[in-house]
Amino acid sequence: MSKKVRVRFAPSPTGALHLGGVRTVLYNYLFAKHHGGEFILRIEDTDQSRYVPGAEQYIYDCLKWCGLEPDESPTHGGPYAPYRQSERKPMYLQYAQKLVDEGNAYYAFDTAEELEQMRNGHGQYDAKKRGSMRNSLSLSAEEVAALKEQGVPYVVRIKMPENETLYLEDMVRGELSFNTSLVDDKVLLKADGMPTYHLAVVVDDYLMKITHAFRGEEWLPSAPVHILLWKYLGWEQDMPLWAHLPLILKPDGNGKLSKRDGDRLGFPVFPLGWTDPKTNDYSAGYKEIGFLPQAFVNMLAVLGWNDGSEQEIFTLDELVQKFQIDRVHTTGAKFDFEKAKWFNTQWIMHTDVTVLAEMAVPFLKEKGVTANAEYLAKVITLIKDRCHLLTDVYTQGAFFFTTPETIDESAIKDKWNEVKQTFFKQWMEGFTALATWDVATLEQNFNDAVAAAGIKKGEVMLPLRVMLVGGKHGPGVFQIAELLGQEETVKRINNALVVL
RNA sequence: GGCGCGUUGGUCAAGCGGUUAAGACGCCUCCCUUUCACGGAGGAAUGACGGGUUCGAUUCCCGUACGUGCUACCA
């Protein structure tokens with residue numbers, strides 16, 4: 001590629017960034033970095049009525065958590081600042097003016113009621129209808145001047161040509177064509193002087209020297225407006241290459257994945273926790289339920305893309321290296337939370353225990369557990385294979401931190417007897433003679449005690465486990481005892497012997 | 001309604017005219033583990049439909065169906 005690759009993610013701060021948005025960020029980022037280019041974050045806040053406080057900060061937080069930091073953004077700065085469209089308002093005006101002056105756009109004075117009436121029966125504001133509407137094409141120059149003088153609100157609309165075919169070479173979908181008669185004269189500049197998405201995206205992509213533009217496929221129908229704008233503004237040579245990304249769909253049924261689906265089916269659709277400022281509803285994110293950011297990113301990357309090999313687990317660096325935009329799928333993918341969890345399981349298994357220990361701390365703290373890093377790392381070494389989420393460090397390892405308050409008596413009571421009671425007492429008495437307290441010594445000692453008592457090992461293994469952990473689960477029982485230490489092991493066996 | 005985009009097992013998907021149609025998740029069976037997981041072995045399950053083109057279509061073309069997106073002074 002001749003020009004330096006520059007891509008942008010351009011969200012509207014109208015709510016929490018969801019899965020699909022993060023995936024768009026990711027593909028932008030991967031593409032840019034794969035080509036040694038730059039990744040820009042631009043905030044598209046042209047609709048003041050939909051602005052949600054906190055949403056912009058949320059975007060920064062998510063990108064940071066995912067490790068997808070932009071090279072230029074409102075907070076990182078950059079040579080094309082400002083990166084917030086609301087702060088670029090004056091820039092758009094001159095281009096709207098240019099379009100009007102050159103006859104490619106016009107002023108429209110129609111009221112909401114007039115528009116509604118026009119649309120009755122699927123009408124659209126186009127070459128056929130605009131003659132009967134109140135605009136600078138149908139009105140005389142004097143009338144237009146008078147209306148503006150009176151302060152009648154107006155918008156600027158693009159003048160779509162009648163029955164022309166426009167072509168678009170999409171990096172994902174190949175060649176697409178559109179008939180200009182099928183899209184109406186979109187508003188470019190609103191009555192408040194703010195641009196709509198259509199004008200703003202073209203102007204900013206041009207001014208920011210964007211070379212490749214990625215967006216969701218919901219934008220496909222308005223692509224002809226943008227192509228035309230690039231032409232009308234005389235920038236055709238600089239138009240970025242487009243790629244329209246497939247949607248992420250709900251797991252059951254069809255349709256775009258929404259927050260409601262997540263609530264209904266029990267999984268998050270946001271990366272991080274989010275409190276809706278309007279309703280005060282809190283939704284936990286992937287971070288809060290115990291996902292590793294690497295797993296989250298990995299899972300999103302392969303939801304709509306793969307490198308053609310059987311590899312499924314990728315680090316960010318590998319993704320950067322292997323990502324190719326033409327291998328992005330054209331079909332929307334249904335989201336599968338079970339598979340998402342599998343990615344996290346894989347990442348937990350392959351992540352260093354000291355790193356995991358650090359990440360697990362807040363989850364344990366939430367449960368009132370504090371443990372020193374060394375001990376925690378040892379615990380995680382034993383239980384990491386059975387953890388799917390970071391929250392499982394607690395659910396799988398709680399007994400390492402606190403003495404079980406109750407034990408699953410039903411698991412052993414039926415076959416409990418005096419012989420076993422005596423066995424455990426005698427076994428514990430032998431502890432004081434033990435030179436070391438480790439797995440090998442313990443097990444050997446246990447085996448000897450079993451032989452001396454003349455009982456089967458199998459009969460006392462499960463009881464021992466239940467005494468130590470409270471139930472029929474967990475890693476090797478002697479490994480548990482080793483980590484617990486002699487004092488705690490004795491304490492737990494004694495506690496159990498009392499209730500049995 | 002109009003237009004765009006799409007359609008390989010339940011889900012994610014490989015494949016790019018000739019294959020026993022990969023692999024993964026989930027499910028089932030067995031093994032391992034004197035627990036539970038992890039792991040291992042195996043299993044069930046797939047080309048929307050109808051026409052072409054071709055010696056040969058999952059693969060190319062056209063219809064139909066279905067799905068989905070857009071059709072705002074929202075992005």
Side-chain angles (χ1 to χ4, degrees), chain A residues 10-15 44-47 49-50 85 108 110-112 115-116 119 121-125 153-157 168 170 172-173 176-179 181-184 186-198 200-201 215-224 244 246-247 249 251-256 299 302-313 327 329-343 345-346 349 383-388 392 396 408 411 456-466 468-469 471-477 480:
Chain A
S12 292
T14 54
E44 307 221 327
D45 55 349
T46 54
D47 186 357
S49 66
R50 290 214 308 161
Q85 288 183 331
D110 314 281
T111 62
L115 287 171
E116 199 183 330
R119 289 205 182 90
H122 308 296
Q124 62 175 17
Y125 213 122
Y154 65 92
V155 298
V156 173
R157 284 181 181 272
L168 170 67
D170 187 281
V172 174
R173 291 157 203 275
L176 306 169
S177 64
F178 305 88
N179 186 311
S181 293
L182 299 165
V183 342
D184 62 4
K186 295 288 181 201
V187 170
L188 301 178
L189 205 65
K190 300 183 251 189
D192 65 1
M194 272 291 190
T196 58
Y197 171 83
H198 306 296
V201 74
R215 47 158 53 156
E217 70 172 331
E218 68 269 26
W219 288 108
L220 226 29
S222 56
H244 289 89
L247 267 16
L249 311 172
D252 56 345
N254 295 298
K256 223 157 87 169
M299 172 275 285
V302 297
L303 194 62
W305 169 88
N306 72 69
D307 73 342
S309 76
E310 287 183 15
Q311 185 172 352
E312 291 200 273
I313 304 300
R327 287 202 62 92
H329 308 142
T330 48
T331 317
K334 286 184 185 172
F335 182 70
D336 182 353
F337 184 57
E338 288 305 318
K339 181 91 186 213
K341 273 201 294 196
W342 176 81
F343 279 101
T345 308
Q346 295 298 310
M349 285 198 292
I383 63 169
K384 66 186 292 195
D385 283 354
R386 62 203 72 215
C387 292
H388 304 293
D392 290 333
Q396 295 292 333
D408 181 7
K456 284 184 193 146
K457 190 181 176 186
E459 289 182 54
V460 280
M461 281 293 279
L462 186 63
L464 176 58
R465 166 175 299 284
V466 174
L468 297 184
V469 319
K472 297 186 284 185
H473 58 271
V477 73
I480 295 171

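For clarity, every value in this text was computed on a predicted model and none was experimentally measured. Chain naming here is simple, since letters A, B, ... match the order of the sequence lines and numbering starts at 1 in each.
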Please tell me which of the listed nucleotides, B/U11, B/G2, B/C70, lies nearest to the side chain of A/L182? B/G2
Is A/H329 near enough to B/A14 that one of its side-chain N or O atoms lies under 4.0 angstrom from OP1 or OP2? yes
Look at the side chain of A/R173 against the base of B/C5 and say whether a donor-acceptor pair falls under 3.5 Å; ignore hydrogens and angles. no
How would you label the contact of A/L189 with the nucleic acid (heavy atoms, under 4.0 Å): base, sugar-phosphate, or nothing? nothing
So what does A/G304 hit on the nucleic acid, given a heavy-atom distance under 4.0 Å: a base, only sugar-phosphate, or nothing? sugar-phosphate
For a salt bridge (charged side-chain N to carboxylate O under 4.0 Å, His left out) check, start with the C-alpha distance between A/K339 and A/D336, then their side-chain angles and the critical distance, and finish with the verdict. CA-CA 5 Å; A/K339 181 91 186 213; A/D336 182 353; over 6 Å; no
Tell me the partner of B/C25, counting only Watson-Crick (N1-N3 plus N6-O4 or O6-N4) or G-U wobble (N1-O2 and O6-N3) with both under 3.5 Å; none if nothing fits. B/G10
Nearest-angstrom distance from the residue atom NZ of A/K341 to P of B/A37: 14 Å
Nearest-angstrom distance, P atom, B/A44 to B/C38: 23 Å
Quick one: label A/P475 by what it contacts on the DNA or RNA (base, sugar-phosphate, nothing), any heavy atom closer than 4.0 Å. base
Selected nucleotide, minimal atom distance to A/H473 side chain, candidates B/U35, B/A75, B/G4: B/U35
OP1 or OP2 of B/A14 sitting under 4.0 Å from any side-chain N/O of A/S309? no
With both distances under 3.5 angstrom, what nucleotide forms a Watson-Crick or G-U wobble pair with B/U64? B/A48
When you measure from the side-chain N and O atoms of A/R50 to the phosphate of B/A75, is any distance below 4.0 Å, counting only OP1 and OP2? no
Measuring from the side chain of A/R465 (C-beta onward, heavy atoms only), which nucleotide among B/U35, B/C73, B/G2 has the closest atom? B/U35
Take the angle between the ring planes of A/Y197 and A/W219 and call it parallel below 30°, perpendicular above 60°, tilted in between. parallel
Reckon A/H244 touches a base, only the sugar-phosphate, or nothing at all at heavy-atom distances under 4.0 Å? nothing
Euclidean distance, atom CG of residue A/D184 to atom C1' of B/C70 [Å, nearest integer]: 11 Å
Do the side-chain N or O atoms of A/K190 get closer than 4.0 angstrom to the phosphate oxygens (OP1, OP2) of B/C74? yes
Starting the side chain at C-beta, find the nucleotide from B/A24, B/C5, B/A75 nearest to A/S12. B/A75
Pair partner, B/U53 [Watson-Crick or wobble, under 3.5 Å]: none
Using the P atom as the point on both nucleotides, what is the distance between B/G1 and B/G10, in whole Å? 28 Å
A/D192 CG to B/C73 P: how many Å, rounded? 12 Å
Can you identify which nucleotide, out of B/G39, B/U35, B/C73, has its nearest atom closest to the A/K472 side chain? B/U35
Picking from B/A14, B/C73, B/G2, the nucleotide nearest the side-chain atoms of A/R327 would be B/A14
Looking only at side-chain atoms of A/E218, point me to the closest of B/G69, B/C5, B/G23. B/G69
Partner nucleotide, any strand, of B/U20 [Watson-Crick/G-U, under 3.5 Å]: none
Taking the minimum atom-to-atom distance to the side chain of A/E217, which one of B/A24, B/G26, B/C5 wins? B/C5
Under 3.5 Å for both donor-acceptor distances, Watson-Crick or wobble: does B/U33 have a partner, and if so which one? none
Are any non-hydrogen side-chain atoms of A/T46 and A/K190 less than 4.5 angstrom apart? yes
Below the 4.0 Å mark, does B/A14 have OP1 or OP2 next to a side-chain nitrogen or oxygen of A/N306? yes
Considering only heavy side-chain atoms of A/T331, the closest of B/G15, B/C5, B/U7 is B/U7
A/K334 NZ to B/U68 P, straight-line distance once rounded to whole Å: 9 Å
Any strand: nucleotide that pairs with B/A75 via Watson-Crick or wobble, under 3.5 Å: none
Could you give the CE-to-P distance, from A/M299 to B/C25, as a whole number of Å? 16 Å
Provide, to the nearest angstrom, the distance between the CD atom belonging to A/Q346 and the C1' atom belonging to B/A37. 13 Å
No-H, no-angle donor-acceptor pair, A/K339 side chain to B/A24 base, under 3.5 Å: yes
Who passes ring pair (Phe, Tyr, Trp, His ring centres under 6.0 Å) against A/Y125, sequence neighbours left out? none
What is the base-pairing partner of B/G2, counting Watson-Crick and G-U wobble geometry with both distances under 3.5 Å? B/C70
How many Å lie between CG on A/D392 and P on B/C38, as a whole number? 11 Å
Whole-Å distance between B/C74 P and A/W219 CH2? 11 Å
Look at all strands and tell whether A/K456 reaches a base, only sugar-phosphate, or nothing, counting heavy atoms closer than 4.0 Å. nothing
